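For clarity, every value in this text was computed on a predicted model and none was experimentally measured.
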Amino acid sequence: MSDAARRTIDFARNAPSAVRLTVVEGPTVGQEFKLDGAATIGRSPDATVMVDDPGVSRLHARIRRSEVGTFEVEDLGSKNGTFLNGTRVEQAPAAFGDKIRVGPRVVLTLSSFDVVEEQVVQRQRLETIGRLGAGIAHDLNNVLAALHAGTAFLQQLAPSTDLGDARVRECLRDLSLATSQGAELTRGILRIVRGKRSVREPVDLGQLAVEVSRILRHTIDHSIQVETVVDPEVVVHGNHSELQQVLLNLCLNARDAMPQGGKLGVVVKLAHPPAELGLPTERPCALLEVSDTGQGIDAEARPLIFEPFFTTKREGAGFGIGLSTVRDLVKLHGGRIALESGRSKGSVFSLYFPAVDVQSFATTGERAPAELPFQSERPVSLLLVDDEQLLRRSFGRLLRQHGFQVTEAAGGAEALSLYAGGKHDLVILDLDMPGMSGEETQVQLLQRVPEARLMFASGHADPQREHVVRERGARAFLQKPYEIELLVDTIHQVMRQPTFCDERTLIGGS
């Protein structure tokens, strides 16, 4: 048996659930990617592993798990070829330690991915939430107080008060603003806790910095002034949740370094990295900079600051994994960190990442042009299924106001008894309900009426469950909270789709 065959058998026998792909030659040396299943390598932002090199095709190669558990490398008709350990291949098995060359200059290696790293990152996410906890509770209480005050004011107005009254319009605007602030805060927290590590996409660092700064203004003491200065179109290829976690960690450390107040600065721009960081200097990198006017870090602690479990905080104030997580996530994105600090002189953390040419994905993330509403000879009939009566009643009112006929059901069993094919054009299902879940309701409903249109609306961000219900035939999946305009637009999109179950075209949720 050849050494190559023996390596393949050994790899299959001990096949891990995930592997790591690391760039060892090319413009982004050190960048790492976690692979759970299939992944594409290419110059396109749509590739799972984006390699910004002109010698690499837009979709150059694919790595995927084979039926026996090994990974296979496949060339996708690239211009300059795919090579495995120096040999050009169309398709070949790969094992740990193999070198995969795409084009003339970029080489990647395959290695194991330690599941403990994933657990540490998740634990650090939870620690971040804990550090934000008091501020989150304070801000949500403010939102609830505003909602309560607004509704109490409206209830005490004279019955003859006109809706066009200036006081009523102002109160309604404040109620809408309060709900938007609560939804914004909730979405931000969910992205921290439930972020999916394997998803790579173009990330605008300026937009991310504004998003994090907004969360911070809600949750840190007013004695700390937050200043955010961002240049437009500073884009990297990476994971939004991980980069958000990096920035939040640094900002929360800056907050903790200023117990008496001070200034926290966040800057995003393009800049050439210092030569000592080892990044290519021929073109500027994306720079994410966090500064504070706090206590600073003395010379003895600086060499240890990124080590796991090292902390300068008092006992019980943290586990000491925040900055080590920052270092690992920055490395995972092919970036480097520079630190300037001194005792009582504050700190400046400068993070440099490979920048992506924004022109190469000008259409990525743009909203599709607005479409005309779905046209029908009769109003669209909806079956709205949700165990939360307040939510069901509230959205039922809004949907009727937008011209829909709405039947409400408090659970899956009631939905099955109420549904009438031909009468109900679309079923909107909550995912988690007592008794019969949304998934179970979907299965039973499609068994009875295979051509039924269904979509989901859920407060849970669970990509795996979303994937399952989509594969089973869900036409859309909306993440609560959402605006009524988004719900109405999605209903119109679903109603344009074919009714035959074998022609279903799933649309993207929000």
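Taking the six-membered ring where the residue is Trp, F353 and H333 present perpendicular rings, their angle passing 60° and hence far from 30°.
Evaluation of the side chain to side chain donor-acceptor pair (under 3.5 Å) rule for S350 yields E289 as partners, not counting sequence neighbours. Residues meeting the side chain to side chain donor-acceptor pair (under 3.5 Å) test with S347, sequence neighbours left out: S341. Under the side chain to side chain contact (heavy atoms under 4.5 Å, CB included) criterion, L270 pairs with V234, P284, A355, sequence neighbours left out. Every residue two or more places apart in sequence or in another chain was checked for a salt bridge (Lys or Arg N to Asp or Glu O under 4.0 Å) with D231, and none qualifies. Qualifying side chain to side chain contact (heavy atoms under 4.5 Å, CB included) partners for A92, counting only residues two or more places apart in sequence or in other chains: L84, V89. Qualifying side chain to side chain contact (heavy atoms under 4.5 Å, CB included) partners for K99, counting only residues two or more places apart in sequence or in other chains: N85, V107, T109. Residues that satisfy the salt bridge (Lys or Arg N to Asp or Glu O under 4.0 Å) test with E340, not counting sequence neighbours, are absent from this structure. Scanning for ring-ring contact (aromatic ring centres under 6.0 Å, His included) contacts around F83 gives an empty result, with sequence neighbours left out. Residues meeting the side chain to side chain donor-acceptor pair (under 3.5 Å) test with N80, sequence neighbours left out: none. E170 is linked by a side chain to side chain donor-acceptor pair (under 3.5 Å) to nothing, counting only residues two or more places apart in sequence or in another chain. For D53, the salt bridge (Lys or Arg N to Asp or Glu O under 4.0 Å) partners two or more places apart in sequence, or in a different chain, are R105. Qualifying salt bridge (Lys or Arg N to Asp or Glu O under 4.0 Å) partners for R101, counting only residues two or more places apart in sequence or in other chains: none.
Of all heavy-atom pairs between G150 and L175, the closest is CA-CD2, 3.9 Å.
Remark: of the listed residues T82, V49, I41, L108, I41 is the sole one forming a side chain to side chain contact (heavy atoms under 4.5 Å, CB included) with I63.
Between the NE2 atom of H240 and the CG atom of L205 there is a distance of 9.5 Å, given to the nearest 0.5 Å.
Side chain of D204 to main chain of Q207: a donor-acceptor pair is present (N/O by atom type, distance under 3.5 Å, no hydrogens or angles).
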